[in-house]
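Below: the structure, in structure tokens.
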Amino acid sequence: MRHAMVMMAFCVVAPAALAQQPDYRGDVPMEVYLDALAHISPAAREGAAAYLTAYRRRCGRELTTQELRRAVADGEGDPVLMAMIRASYQQDSGAQRALATSVSCVRRG
């Protein structure tokens, strides 16, 4: 349900934000995408940043912006990423650490 609320907020905020922001349809620098998430919800940015760190540690490479965008938007979103965003919102660092061990290195789609 929270994912639906985040995506609904993105759909409402994004058109107005896009008028003043870079074109997000193509590949954009990771910091630009994370900043866009922060406009939706600081917890979304924090959870995504924690996910990126966990991915780098577990998988030995950086996640691309397009891969992160897919993890946020495909279906109901990557369950681990969504849980990390929820843990950020709840300020639950223990859950963040536990979830970091569940990040998958298998590319989707």
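FYI, side chains are in, hydrogens and waters are out, and symmetry mates aren't considered; it's all heavy atoms of this structure.
- Residues satisfying the side chain to side chain donor-acceptor pair (under 3.5 Å) criterion with Gln91, sequence neighbours excluded, are absent altogether.
- Of all non-hydrogen atoms in Val103 and Met84, the two that sit nearest each other are CG2-SD, 4.4 Å.
- Here disulfide (SG to SG under 2.5 Å) pairs that include residues 57-104, with residues two or more places apart or in two chains, are Cys59-Cys105.
- Judged by distance alone, the side chain of Asp78 and the main-chain N or O of Leu81 form a donor-acceptor pair under 3.5 Å.
- Qualifying side chain to side chain donor-acceptor pair (under 3.5 Å) partners for Arg56, counting only residues two or more places apart in sequence or in other chains: Glu62.
- Each side-chain hydrogen bond (donor to acceptor under 3.5 Å, both in side chains) pair with one or both residues in residues 92-101, not counting sequence neighbours, appears once here: Ser88-Gln96.
- Going from atom CZ of Arg45 over to atom OH of Tyr33 covers 12.0 Å, rounded to the nearest 0.5 Å.
- Rounded to the nearest 0.5 Å, atoms CD (Glu46) and CG (Leu37) are 11.5 Å apart.
- The number of heavy-atom neighbours closer than 6.0 Å to CZ of Arg58, taken from other residues, nucleotides and ligands shown, is above 12.
- Atom-to-atom distance recorded for Leu99:CG and Ile85:CD1 is 11.0 Å, nearest 0.5 angstrom.
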**Request:** Could you walk me through whether Leu68 and Leu34 pass side chain to side chain contact (heavy atoms under 4.5 Å, CB included), step by step?
**Result:** CA-CA 10 Å; Leu68 179 60; Leu34 291 174; 4.1 Å; yes
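- With sequence neighbours excluded, no residue forms a side chain to side chain donor-acceptor pair (under 3.5 Å) with Ser104.
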